[in-house]
Participant: 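My questions will all concern the structure given below.
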Amino acid sequence: MTAWHVAVTPREARDLTRLAAHLTANPTEDPESFCRDAKRAARQLPNRIAEALQDYRRWGSVSGMLVFSGLPVGPLPPTPVDNTSHLGERTLLARIQALFNEFLGHMLAYEAEGAGRLFQDMVPARTGATSQTSLSSSVELELHTEQAFSQLRPDYLSLACLRGDPGAQTYLMTAADLAARLDHAELALLREPRWTTGVDESFRMGGQRFVHGDVRGPMPIMSGSDDDPFIVLDQDLMHGIDPVAQQLLTRVIALYPILRHSHVLDAGEIMVLDNARVVHGRSPFRPRFDGTDRFVVRSFVTHDLARTRHARRGDSRMVAAQYS
Ligand SMILES: O=C(O)CCC(=O)C(=O)O
Ligand SMILES: [Fe+2]
């Protein structure tokens, strides 16, 4: 397994800045050209960075995360009050994030997440403070797989931190750590399709119906090989189909505070999360709403663009909400 932390050297940072300058297309108006430029430039990533990404893709990491620190952020506007101004995509750090993303796979957007943009501003918003969304702050963002309900969920999430908050801890639990704490009977049960998952209400845009219905499953929580298992979990949206399954889900959620790793994202860091090997959440924190709050740019990566082809229009990178 890979080391989870890569401290980028000043020389590597300069190389990344130079590569990022090749990304001249607008990611919102011409996502295909933007991603193509990023894919081309990503072939020249500094060796140590390319190898860390490659190893993480192959094996995951002990903590479940891969963090690059010491990256240049570039000129930065004040933190916006919500996620509708799409300022993060204009930053140098977002372009560096695109290089990493296109090295790992292919960038993908979702109509129901951040207006279908490749990059989403994640900032604390007054109105969403207590919600279970990325705009929250005063409540813990509960344990989840990103889009646990969807077969078209991203394979990776990337979080690029433009401004940090010392109180905001990103939490992760790996499937491997969880498996090591459970007995044979529990593990066997986790591999059975015994849980259903509701769809995040925010994905129902314009009140349309979902092609795959409102409740998904039953599905297993764990799959894959014993020594490198995969996990799908959502503390808020998932339910056991019988009391035994519900009890096991409760036990898994109770283990999370014991097993979780945490990291406070700092400015100039990019965290990559393997959405199949880890589940994640975030601690509460206290924003000031004065333009200096935490500001993270999120983006999604898929191994296989063809898997979502039917759910995207034309050449677009955006999965339509009805396929959520
Ligand atoms: O804010 C964070 O650190 C993680 C939030 C989250 O769950 C996400 O970006 O999907
Ligand atoms: Fe998330």
Side-chain angles (χ1 to χ4, degrees), residues 4 63-69 79-80 82-83 88-89 93-94 97 100-101 107-110 112-125 128-150 152-174 197-203 231-238 253 256 260-287 293-302 319 324:
W4 66 271
S63 65
M65 62 186 108
L66 175 60
V67 177
F68 296 91
S69 63
T79 301
D82 59 27
N83 63 357
E89 68 180 41
L93 191 64
Q97 182 180 36
F100 293 5
N101 290 344
M107 290 186 73
L108 189 62
Y110 295 88
E113 292 271 32
R117 307 274 185 131
L118 288 176
F119 298 98
Q120 301 116 45
D121 291 354
M122 294 215 308
V123 297
T130 61
S131 66
Q132 280 300 316
T133 71
S134 57
L135 299 176
S136 74
S137 51
S138 61
V139 293
E140 176 162 338
L141 187 55
E142 293 175 345
L143 174 68
H144 61 282
T145 294
E146 206 63 28
Q147 298 181 34
F149 46 83
S150 176
L152 306 183
R153 72 178 75 96
D155 293 312
Y156 299 99
L157 280 75
S158 173
L159 307 177
C161 185
L162 300 171
R163 277 195 190 94
D165 184 306
Q169 304 185 60
T170 303
Y171 294 133
L172 279 97
M173 178 170 72
T174 70
T197 305
V199 184
D200 228 317
E201 265 315 299
S202 60
F203 279 73
I231 184 167
V232 177
L233 198 62
D234 192 304
Q235 189 171 353
D236 187 34
L237 301 171
M238 204 171 217
I253 290 166
Y256 166 57
R260 71 188 173 197
H261 300 264
S262 72
H263 180 75
V264 175
L265 276 169
D266 197 8
E269 289 187 339
I270 289 180
M271 178 190 284
V272 184
L273 291 184
D274 185 327
N275 199 34
R277 289 185 171 112
V278 303
V279 281
H280 66 278
R282 198 214 57 235
S283 72
F285 63 102
R286 253 192 245 137
D293 283 328
R294 187 175 193 253
F295 187 0
V296 172
V297 189
R298 180 176 64 182
S299 52
F300 301 118
V301 177
T302 181
V319 173
S324 301

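All figures in this text were calculated on a predicted structure; none of them were measured in a lab. One-based numbering, in listed order, for ligands and for the atoms of each.
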Participant: For the residue pair Glu113 and Arg298, establish whether any side-chain heavy-atom pair is separated by less than 4.5 Å.
Facilitator: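 Touching, per the 4.5 Å side-chain cut-off.
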Participant: Does an N or O anywhere in His144 fall below 3.5 Å from an N or O of ligand 1?
Facilitator: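 Looking only at distances, the answer is yes, because the N/O contact criterion of under 3.5 Å is met.
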Participant: Determine, considering heavy atoms only, which of Leu157, Leu159, Val264 sits nearest to atom 4 (C) of ligand 1.
Facilitator: Leu159
Participant: Just jot down the ligand 1 atoms closer than 4.0 angstrom to any heavy atom of His280, in number order.
Facilitator: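 Listed by number with element: 6 (C), 7 (O), 8 (C), 10 (O).
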Participant: To make sure I understand the geometry: which N, O or S atom in Glu146 is closest to the Fe ion (ligand 2)?
Facilitator: OE1
Participant: Which residue and non-hydrogen atom of the protein lie closest to atom 8 (C) of ligand 1, and at what distance in Å?
Facilitator: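 Residue, atom and distance for the closest contact: Arg298 NH1, 3.3 Å.
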Participant: Tell me the contacting part of Met271 for ligand 1: side chain, backbone, both, or neither, using a 4.0 Å heavy-atom threshold, strictly below.
Facilitator: neither
Participant: So, for Asn275 and Pro154, which heavy atoms are closest and what is the spacing to 0.1 Å?
Facilitator: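 Scanning both residues, the minimum pair turns out to be ND2-O, 2.9 Å.
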Participant: Give me the nearest non-hydrogen protein atom to atom 3 (O) of ligand 1 as residue plus atom name, then the distance to 0.1 Å.
Facilitator: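 Ranked first by proximity to atom 3 (O) of ligand 1 is Thr170 OG1, 2.7 Å.
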Participant: Could you identify the single nearest non-hydrogen protein atom to atom 1 (O) of ligand 1 and state the distance to 0.1 Å?
Facilitator: Arg294 NH1, 2.9 Å
Participant: I need the single residue from Glu142, Met65, His263, Glu140 that forms a side chain to side chain contact (heavy atoms under 4.5 Å, CB included) with Tyr171. Which is it?
Facilitator: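 Testing each of Glu142, Met65, His263, Glu140 against Tyr171, the sole residue satisfying side chain to side chain contact (heavy atoms under 4.5 Å, CB included) is Glu140.
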Participant: Where does Leu141 meet ligand 1, judged by heavy-atom distances below 4.0 Å: at the side chain, the backbone, both, or neither?
Facilitator: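 For Leu141, the contact with ligand 1 is made by the side chain alone.
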Participant: Between Ser134 and Gln120, does any side-chain donor sit less than 3.5 Å from a side-chain acceptor?
Facilitator: no
Participant: For this output row, return yes or no: ring centroids of Trp4 and His261 closer than 6.0 angstrom.
Facilitator: no
Participant: Rounded to 10 degrees, what angle sits at the Fe ion (ligand 2) between His144 NE2 and His280 NE2?
Facilitator: 90°
Participant: If we only count heavy atoms from C-beta on, is the Ser138 to Thr130 side-chain gap below 4.5 Å?
Facilitator: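 A side-chain contact exists here, since the closest heavy-atom pair is under 4.5 Å.
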Participant: For the residue pair Asp234 and Thr197, confirm or rule out a side-chain donor-acceptor distance under 3.5 Å.
Facilitator: no
